[in-house]
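Step one of this worksheet: look at the structure below.
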Protein chains: 2
Amino acid sequence: MPANLDEIDHHLLDLLQQDSGRTLAELGDLVGLSPSAVQRRVERYRASGLVRREVAVVDPSAALLAVCLVTLDHESPEEHARFREWVLAAPEVQQLYNVSGDHDYVVVLATTGMPHHRRVADRVLKSAPGLRRYSTMFVLDPVRTSLTVPTRDA
Amino acid sequence: MPANLDEIDHHLLDLLQQDSGRTLAELGDLVGLSPSAVQRRVERYRASGLVRREVAVVDPSAALLAVCLVTLDHESPEEHARFREWVLAAPEVQQLYNVSGDHDYVVVLATTGMPHHRRVADRVLKSAPGLRRYSTMFVLDPVRTSLTVPTRDA
DNA sequence: TCTGAAAGTTTTCATCC
DNA sequence: GGATGAAAACTTTCAGA
């Protein structure tokens with residue numbers, strides 16, 4: 001699915017992950033291609049599923065973020081499925097990762113403030129199916145937030 | 001800075017955080033406003049800094065993600081500043097959070113695979129200034145990845 | 001002050017080479 | 001990969017509520 005990418009593709013994907021608001025002409029200038037050629041490549045990224053969508057990034061300091069480490073009871077596939085479904089139902093779950101190690105999931109909660117966070121933590125995590133325990137780290141400073149992914153080694 | 005937001009603003013911001021690829025006309029239909037009115041509001045979000053930018057989201061399964069918990073030695077402001085500067089220099093640091101609790105930072109690393117990860121972990125984390133220790137949780141499944149932030153309580 | 005509509009400009013899209 | 005014309009989107013302006 002992820003077609004072979006050349007240097008220009010890596011450059012374009014870097015640029016698009018930084019700021020997708022640029023025009024095809026601007027992108028063309030930056031990577032040394034015509035707007036048409038850029039358009040073809042960008043369309044290819046979308047069609048292949050490499051680029052999923054474009055989103056607006058809201059200032060994270062407008063929110064209270066918390067990173068929670070979750071451990072489940074039994075680790076059975078059914079338990080995992082139920083837990084995921086339950087947690088994903090909450091829009092405040094900004095990120096959900098199944099991870100290796102002592103914990104099973106890392107959950108990033110984004111809320112409007114502490115009252116909101118307490119409600120969400122109680123309703124979503126504390127009463128989640130299969131939950132053994134969880135701990136919460138509040139984000140004091142979101143130094144960097146992004147979804148940027150390298151398309152090749154540095 | 002964050003102007004008072006009405007119901008339509010919340011709705012618009014939800015939509016834009018989900019998918020900013022829609023046209024002003026489409027957004028207008030969804031929130032019940034004319035394209036011009038939508039454009040004015042969107043421009044206001046940008047000007048106020050509430051919306052930072054628009055980015056292309058690359059399929060996270062194209063990468064190896066790891067969540068690292070970092071503890072520093074002394075906790076002095078200077079140590080924090082040096083650590084941040086050092087870590088932020090690496091483009092593979094997708095997210096960096098200063099957090100409360102036993103650990104000082106949560107670092108999300110995005111790499112192209114295990115060889116790349118090892119190099120980055122060695123170069124960026126293991127030799128970071130002021131580092132006492134860190135642990136790594138590899139992401140087995142990025143169930144949900146987003147930067148979505150609620151602009152009001154649910 | 002905010003809205004909606006229309007004119008003018010830019011960008012994107014599709015087809016050509 | 002580049003270039004062109006058509007379609008679509010965006011930006012600006014203006015008048016009304």
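Throughout, protein chains are lettered first and strands after them, A, B, ... in sequence-line order, and every chain is numbered starting at 1.
Scanning atom types as modelled, one donor and one acceptor separated by under 3.5 angstrom connect the side chain of A/Ser36 and the base of D/dA3.
Among the protein residues, A/Ser34 comes within range of the nucleic acid bases, having at least one heavy atom under 4.0 Å from a base atom.
As rounded to whole Å, 10 Å separates atom P of C/dT12 from atom CD of A/Glu54. Atom CG in B/Asp6 sits about 13 Å away from atom C1' in C/dT1, given to the nearest Å. Rounded to whole angstrom, the span from the CZ atom of A/Arg40 across to the C1' atom of D/dT4 amounts to 13 Å. What separates CZ of A/Arg41 from P of C/dC13 is a distance of 17 Å, to the nearest Å. Protein atom CD of A/Glu7 is 14 Å distant from nucleotide atom P of D/dG1, rounded to whole Å. Atoms CG (B/Asn4) and P (C/dT1) sit 14 Å apart, rounded to a whole Å. If you measure from atom CG of A/Leu24 to atom C1' of D/dG1, you get 15 Å, rounded to the nearest angstrom. Separating the CG atom of B/Leu33 from the P atom of C/dA5 is a distance of 11 Å, rounded to the nearest angstrom.
The pair A/Asp104-A/Arg132 fails the salt-bridge criterion, with no side-chain N (NZ, NE, NH1 or NH2) lying under 4.0 Å from an Asp/Glu carboxylate O. A salt bridge is absent between A/Arg119 and A/Glu92; no separation between the charged side-chain nitrogens and carboxylate oxygens falls under 4.0 Å.
Aromatic rings from B/Phe83 and B/Tyr105 are positioned such that their centres are separated by under 6.0 Å.
Using a 4.0 Å cut-off, no side-chain N or O of B/Gln39 falls inside it from OP1 or OP2 of D/dC10.
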- Message: Checking B/Arg152 against B/Asp6 for the salt bridge (Lys or Arg N to Asp or Glu O under 4.0 Å) test, could you report, in this order, the C-alpha distance in whole Å, the side-chain angles of both residues, the deciding distance, and whether it holds?
- Response: CA-CA 10 Å; B/Arg152 58 161 171 184; B/Asp6 62 19; over 6 Å; no
